[in-house]
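In what follows, a structure is listed as structure tokens, so that the remarks can point back to it.
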Number of protein chains: 2
Amino acid sequence: MPNNLGAKLKDVAVLAQVSVGTVSNVLNKPEQVSTDKRNRVLAAIDQLGFVRNESARSLRSGSSRSLGMLVLDVRNPFFTDVALGAEDVADAHKHSFILANSAENSVREQSYLDLFEQQRVQGILITPLGDVIERLEVMRSRGIPSVLVDRLASTGHFCSVSVDDTAGGRAAMEHLLSVGSTRPAFVGGPFTLQQVDDRYHGALAATEAAGVRLQLFETPNLKFERGRHIGDVINDLRPDTRPDGVFAANDQLALGLLQSFTENGLRVPEDIAIVGFDDIDFASQSSIPLTSIRQPRQLIGERAAELLFDEIDNELEHEHQQVVFMPELVVRRSSQRS
Amino acid sequence: MPNNLGAKLKDVAVLAQVSVGTVSNVLNKPEQVSTDKRNRVLAAIDQLGFVRNESARSLRSGSSRSLGMLVLDVRNPFFTDVALGAEDVADAHKHSFILANSAENSVREQSYLDLFEQQRVQGILITPLGDVIERLEVMRSRGIPSVLVDRLASTGHFCSVSVDDTAGGRAAMEHLLSVGSTRPAFVGGPFTLQQVDDRYHGALAATEAAGVRLQLFETPNLKFERGRHIGDVINDLRPDTRPDGVFAANDQLALGLLQSFTENGLRVPEDIAIVGFDDIDFASQSSIPLTSIRQPRQLIGERAAELLFDEIDNELEHEHQQVVFMPELVVRRSSQRS
DNA sequence: TCGTATTAATGAAACGATTCAAACAATCCA
DNA sequence: TGGATTGTTTGAATCGTTTCATTAATACGA
């Protein structure tokens, strides 16, 4: 017996001696109920410990007051921060917020989209993984819009909020060159991730402009262990060919490199400078604080949620837009050669 | 117009030429429907792109197929990992999982409990913050049970899953003593958090047993910056009174200490050894890897969710239990004086 | 005083699934 | 052949809200 004592709207109505419609109005449009009755109703609600049944509300009104968000990896603090920003906005709109983790697995991605559809969420924030754009278009045609996060919408059919990864990559590399790196390298992968590809090409543009060769160390993913591994590889190179400055595609990789270098006795930044990307908290919290390219993480989440609400609220007038933030170079010790 | 094209159960029934009851059975008890009709129904579902309406299901059946989880701080990787474990279990039970962040703010805590109640979640996993036990008891009496996470249930009225913080604190301090620390210190706070208090008293027991004095540096919270600050304070002490071994109440504090010491030129572990607590990923990923007390993070989440499901499924026979995991000392460079 | 706005309150009809008692069909046995 | 048994299928009732067309009450101006 699931529903033990739950008082319902009708019980409240009886106790307060008004109709159910009035109780509903007290809840939803309190200003158009007379003070007298409103107080009676509120008292009754209090006395009975009445709690609205959200399922019934959603059923009747056709959609639930909730947003779904699907990220690539909740264990990456970058995404938790983006989610935090989005949640704030959802909160402000009195929507609940369902955070799901595709964990870079496209089966999970699909099944969470199923879930969101069943829940009739009002909209979806997603960092897409698999080939999911088509499905999102179908879902929108059925009334569930979505906004792409940390990913530029290539067709104009979606709003998106992202960061100019190419510019970020260029800034990172220009910085390395400016502190005197003559044998720079890029560490990252896979190149099927647009972000990685863009960051690399930004870096490449910088080295080409300076007439310097850019070494490439490709990784199968962006995790710490991979960074450590490449660090060991780099350490084994002959000192005169070994990179003297490394730009890693994200901070987790960069931290892996840093640990490997430290353990192997390479001095950072004297022997080799490091620049990461994302500027997660742990970048600045490392014992050798990491130079990084900062993305406005919370802001990305906030803007994305706002765009989504705009589409939800003004289905017709809404115009899709691509918000692209400029990332910011934050210089710390890992690249400071004074 | 929210509900554009949504086909409903009835539409499926018409197309498949069966009754709505049969369609519902195909969805819920497919084995008791004849193959013939089942196939017709499935084909119709496919053709119409029918998606179940979860609100309607929940309304009719009295509770939603979902679990709520309320953590102290989603930005702390410890909690994301616990949540990940719990989510897996929820998934396996085909329940959806709502993760909420009280952010150490008891107003938010209350309002998320409101939300969970409105959503009629089937149960709640919570790391309680404010004075919330009473409310949880009321909620249980109304059919929404909860399990305490990372917190021992002091009354026997709840299940709980936690770690023996006292033992962990003792192990941490015994380790520091064993590597030769003669002026050990504890860094952490506030002591209103049971976890902190227990870890401290564990450490104290170890020093008392060894006849050594334990210095205490109290902090208002467990964040990185506080660790950094205390690190600076410690650095300013006269070398002959300065601690030569520090046990921090969690890893974030420990990382803050580590950064401060490194910057100030104190050598870790030679001048001062550090031990943290939680063993988050970043502990091992630090450039000087951190010795820490490992909690089985995912497992904590899993066990908690399992206990919750047991209470949900066997309301009557269920017996509350307190699961207490033993933490594990993981020795790394930050405390290795060879 | 009467008609007309204006404002408040009502309550029956949805929303879209699940449930369950009853009807129906098929099979078996005496 | 009829009755009992087993297995499918049916469809009306139901969950707890919101919605909205009506009705009731009140105030206002002529």
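Only a predicted model underlies this, so the values are computations on that prediction, with no experimental measurement involved.
Summarising the geometry, the separation between CZ on A:Arg38 and P on C:dA8 is reported as 10 Å, rounded to the nearest angstrom. Between A:Lys10 atom NZ and C:dG11 atom C1' there is a gap of 11 Å when expressed in whole angstrom units. Rounding to whole angstrom units, CG of residue A:Asp36 and P of D:dA25 are separated by 15 Å. Going from atom CD of A:Gln118 over to atom P of C:dA17 covers 11 Å, rounded to whole Å. Between the P atom of C:dA17 and the CD atom of A:Gln119 lies a distance of 14 Å, rounded to the nearest Å. Remark: P of C:dC15 and CZ of A:Arg57 are 19 Å apart, rounded to the nearest angstrom. Remark: P of D:dC15 and CG of B:Asn53 are 18 Å apart, rounded to the nearest angstrom. The CG-P distance, from B:Leu9 to C:dT19, rounds to 12 Å in whole Å.
Under 4.0 Å is where a charged nitrogen must lie from a carboxylate oxygen, and between A:Glu117 and A:Arg135 at least one such pair does. Here A:Arg140 does not pair with A:Glu137 in a salt bridge; the nearest charged N to carboxylate O distance is not below 4.0 Å. Salt bridge present: B:Glu54 and B:Arg57 bring a charged side-chain N and a carboxylate O closer than 4.0 Å.
Taking every side-chain heavy atom of B:Asn28 into account, C:dT18 is the closest of D:dT18, D:dG16, C:dT18. Nearest nucleotide to the A:Lys8 side chain, out of C:dA12, D:dG11, D:dG16: D:dG16. Candidate nucleotides D:dT9, C:dG16, C:dG11 were compared by shortest atom distance to the side chain of A:Val20, and C:dG11 ranks first. Considering only the side chain of A:Ser61, D:dT18 comes nearest among C:dC15, C:dA9, D:dT18. Of the listed nucleotides (C:dG16, D:dT9, C:dT18), C:dG16 has the atom at the smallest distance from the side chain of B:Ala56. Here C:dT18 is the nucleotide among C:dA8, C:dA9, C:dT18 with the atom lying nearest to any side-chain atom of B:Arg60. The listed nucleotides are C:dA9, D:dG16, C:dT18; the one nearest the side chain of A:Ser34 is C:dA9.
Within the nucleic acid shown, B:Ser24 comes within 4.0 Å of at least one base atom, counting heavy atoms only.
Judged purely by atom type and a 3.5 angstrom limit, B:Glu109 has no side-chain atom pairing as donor or acceptor with the backbone of B:Leu72.
For the pair B:Leu9 and B:Phe50, the minimum side-chain heavy-atom distance is below 4.5 Å.
Between B:Arg120 and D:dC15, a side-chain N or O to OP1/OP2 separation shorter than 4.0 Å is absent. The shortest distance between the side-chain N/O atoms of A:Thr22 and the OP1/OP2 oxygens of C:dA9 is not below 4.0 Å.
Ranked by how close their nearest DNA chain C nucleotide is to the 5' end, A:Glu31 and A:Gly21 are led by A:Glu31.
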